[in-house]
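Quick notes on the structure that follows.
All chains are named by letter (A, B, ...) in the order of the sequence lines, taking the proteins before the strands, and each is independently numbered beginning at 1. The shown structure was predicted, so the numbers you read here are calculated from the model rather than taken from an experiment.
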Number of protein chains: 2
Amino acid sequence: MTVNTLHRPTHRDALVHLEAAFEREDMITVFGRCTVDYDGRATSELGPGDRLVILKPDGSILVHTDEKRTPVNWQPPGCTHSASIRDGRLRIRSRRSNPDERLDVHFERVDQCSAYGVNDRSDLELTGSEEDLRQHILANPSILEPGFEPLETERQSDAGPIDIFGEDADEVPVVVELKRRRVGPAAASQLRRYVDALHREFGDDEPVRGILVAPSITDRAADLLDREGLEFVALDPETGAPPVEDGSAEDDGGEDETSGESGSDGQSETSGENESDDPTADE
Amino acid sequence: MTVNTLHRPTHRDALVHLEAAFEREDMITVFGRCTVDYDGRATSELGPGDRLVILKPDGSILVHTDEKRTPVNWQPPGCTHSASIRDGRLRIRSRRSNPDERLDVHFERVDQCSAYGVNDRSDLELTGSEEDLRQHILANPSILEPGFEPLETERQSDAGPIDIFGEDADEVPVVVELKRRRVGPAAASQLRRYVDALHREFGDDEPVRGILVAPSITDRAADLLDREGLEFVALDPETGAPPVEDGSAEDDGGEDETSGESGSDGQSETSGENESDDPTADE
DNA sequence: CACTATATATCGCAT
DNA sequence: ATGCGATGTATAGTG
């Protein structure tokens, strides 16, 4: 059995359930009215409210309200979870050291307590990252500029690792800094630190070019680059080509099945199914 | 009733349950074996595996495995959730525009499907942030340096807003950049951009000091500050005082109750409750 | 460990 | 809406 759930348990029953789930290294959810107390890198207090608490066997804990992607309180992996009864109520505590941190969840009411056995997993495959952009440029350096020749990636400098180090058609050293999305002043400064480091390394007589590569750039960052004598090249990380300036006809329609709709909008009438097709339903 | 749960529902029953929950604007969890398909700012595919999916009425969606604090797939608030049956199986889709993104979760098996009504809430109170550090300095400017006088916070400059702008004892303009935690080269560059902006504003004849305030600084950032003629002052955001250099006796013990323990370590025997004992215990 | 940089960062605030 | 910086950022990679 993969899932084990208690509905409106007593605090003591929830405790027993939790401890068994800890033992099995299950993923756990607890929903109920609770307060949260955190002390560590910062300090926070969260008054009573209805929240979903998620405990993972790797020692992470998340406290979610019904808003936002970010949990209202949390602890990253590496904590030790414990549960106990305080004043007759369930308390979940998560502790770690380095940094020394503690997160307490005190439940006034436990509505549901579930333990999930996670046995099966696959890894995520993601594209469109900075690494993809780099591969595009290494595979076809002329998309950066004609005659550009990459010499080294992650080249160490006094200011840190340089994304791509190379030479232009005139054999002038070039520092290339890659960003997968629109860049602001921080990226321009980062490029400048690398270029400065190479100036110190090569001597001020040797010219060094710096090129920031991203799909687009803010005005302030463009001004900053100008003042510093640095350059910008617009490339899309997904395609490795110059991004479309002002989009127009971009039809990728392919949706040929209707779907049951809901959410903030449309009314739902339990319709929208589109099944029958294939069994394999259960199991 | 706050919680509504289906155990091992058929895909169709899960759909009905979900659509009702959408209608009520409940927070929803679905646990089961699924694949995830994402296309938007980046693109990703996640093969079959056991995951916990969380849907919030504000349009966020989280797909969690039993590891890490960060969901393996997600969408921030603003999406429109929908559910349907495809090939006899439950599919949850989350869509938004600007940027145009889509997240699909295809379930091979639904183990549990819960809807939680969240009616009650309190706001988080947090201390130890950069804002706290600023308050400490404004309340007692001499902790920064004797004779320092704050003149303006969030002062606008060509390079963005300056945390604290003031004058030293000699009426020399001072740019203060605050960080709540240990700073690296990026913070030094940020400070430099602000100082440069004021140089452009005041003219190069007018001296402008730049002070970076944080609990500590990395060697590389310290070198960078040195080269730029900028300064560093060590202050703790929580206390507003110089942080303890090399800790020693720092006894804050107060834990006088044993607690039921579990997690990565100790074995649990459903013991460890410790109730009734003493009131006034935690608080 | 500390240091550095990335991220589908998210989030909040100001323009 | 976009720009910009803070975040208890989390996370990965490297020395």
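- The residue Gln190(B) sits close only to the backbone: its heavy atoms come under 4.0 Å of sugar-phosphate atoms, none of a base.
- Evaluated for a side chain to side chain contact (heavy atoms under 4.5 Å, CB included) with Val30(B), the options Ile92(B), Leu52(B), Val63(B) yield exactly one hit, Ile92(B).
- Put simply, chain B comes within 4.0 Å of DNA chain C, heavy atom to any atom, from dC3(C) to dC11(C), going 5' to 3'.
- Legend: residues meeting side-chain hydrogen bond (donor to acceptor under 3.5 Å, both in side chains) with Gln190(A), ordered by chain and number and at least two apart, are Glu177(A), Lys179(A), Tyr194(A).
- Every pair passing side chain to side chain donor-acceptor pair (under 3.5 Å) that includes a residue from residues 214-227 of chain B is listed here, sequence neighbours excluded: Arg182(B)-Ser216(B).
- In this structure the side chain of Ile54(A) never reaches within 4.5 angstrom of the side chain of Ile28(A), judged on heavy atoms.
- No donor-acceptor distance shorter than 3.5 angstrom exists from the side chain of Asp100(B) to the backbone of Ser97(B), with no hydrogens or angles considered.
- Residue-level contact check: Glu177(A) touches the backbone only, with heavy atoms under 4.0 Å from sugar-phosphate atoms and none from bases.
- With sequence neighbours left out, Arg180(B) forms a side-chain hydrogen bond (donor to acceptor under 3.5 Å, both in side chains) with no residue at all.
- By the 4.5 Å heavy-atom criterion applied to side chains, Ile162(A) and Gln156(A) are not counted as neighbours.
- Applying the side chain to side chain donor-acceptor pair (under 3.5 Å) rule to pairs touching residues 49-61 of chain A yields Asp50(A)-Arg109(A), Lys56(A)-His64(B), Asp58(A)-Ser60(A), sequence neighbours excluded.
- Contacts of Pro77(B) with the nucleic acid, taken as non-hydrogen atoms under 4.0 Å apart, involve only primed sugar atoms and P, OP1 or OP2.
- Annotation: of the two residues near DNA chain D, Thr218(A) and Trp74(A), the 5′-most nearest-nucleotide partner is Thr218(A).
- Looking at residues two or more places apart in sequence or on another chain, you find a side-chain contact (heavy atoms from CB on, under 4.5 Å) between His136(A) and Ile143(A).
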Could you list the donor-acceptor pairs under 3.5 angstrom formed by side chains in residues 68-79 of chain A, with sequence neighbours left out?
{"from": "Asn73(A)", "atom 1": "ND2", "to": "Ser44(A)", "atom 2": "OG", "distance (Å)": "3.2"}
{"from": "Gln75(A)", "atom 1": "OE1", "to": "Arg96(A)", "atom 2": "NE", "distance (Å)": "3.2"}

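- Ser129(B) comes within 4.0 angstrom of sugar-phosphate atoms only, judged by non-hydrogen atoms across all strands, and of no base.
- As rounded to the nearest Å, dT11(D) and dC11(C) have P atoms that lie 15 Å from one another.
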TODO: For DNA chain C, just give me the dot-bracket, please: Watson-Crick or G-U, both distances below 3.5 Å, ( ) intra-strand, [ ] crossing earlier pairs, | paired with another strand, . unpaired.
DONE: |||||||.|||||||

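- When all heavy atoms are compared, the tightest approach of Pro57(B) to Asp26(B) is CD-O, 3.6 Å.
- If you walk DNA chain D from 5' to 3' and mark each nucleotide with an atom closer than 4.0 Å to a heavy atom of chain A, the marks span dG3(D) to dT11(D).
- For the pair Ala221(B) and Gly128(A), nearest-nucleotide mapping onto DNA chain C gives the more 5' position to Ala221(B).
- Of the two residues near DNA chain D, Asn98(B) and Ala159(B), the one whose nearest nucleotide lies more 5' is Asn98(B).
- Positionally, the nearest nucleotide of DNA chain C for Ile217(B) lies more toward the 5' end than for the other of Ile217(B) and Asp163(A).
- The ring pair (Phe, Tyr, Trp, His ring centres under 6.0 Å) check on Tyr38(B) picks up nothing, with sequence neighbours excluded.
- Residues that satisfy the side-chain contact (heavy atoms from CB on, under 4.5 Å) test with Pro48(A), not counting sequence neighbours, are Arg33(A), Thr35(A), Glu108(A), Ser122(B).
- Between Arg134(B) and Asp163(B), no side-chain nitrogen of the basic residue sits less than 4.0 Å from a carboxylate oxygen of the acidic one, so the salt-bridge criterion is not met.
- Nucleotides dG5(D) and dA7(C) are separated by 16 Å at their C1' atoms, to the nearest Å.
- Within residues 178-185 of chain A, the residues having any heavy atom closer than 4.0 Å to DNA chain C are, in order of number, Lys179(A), Arg180(A), Arg181(A).
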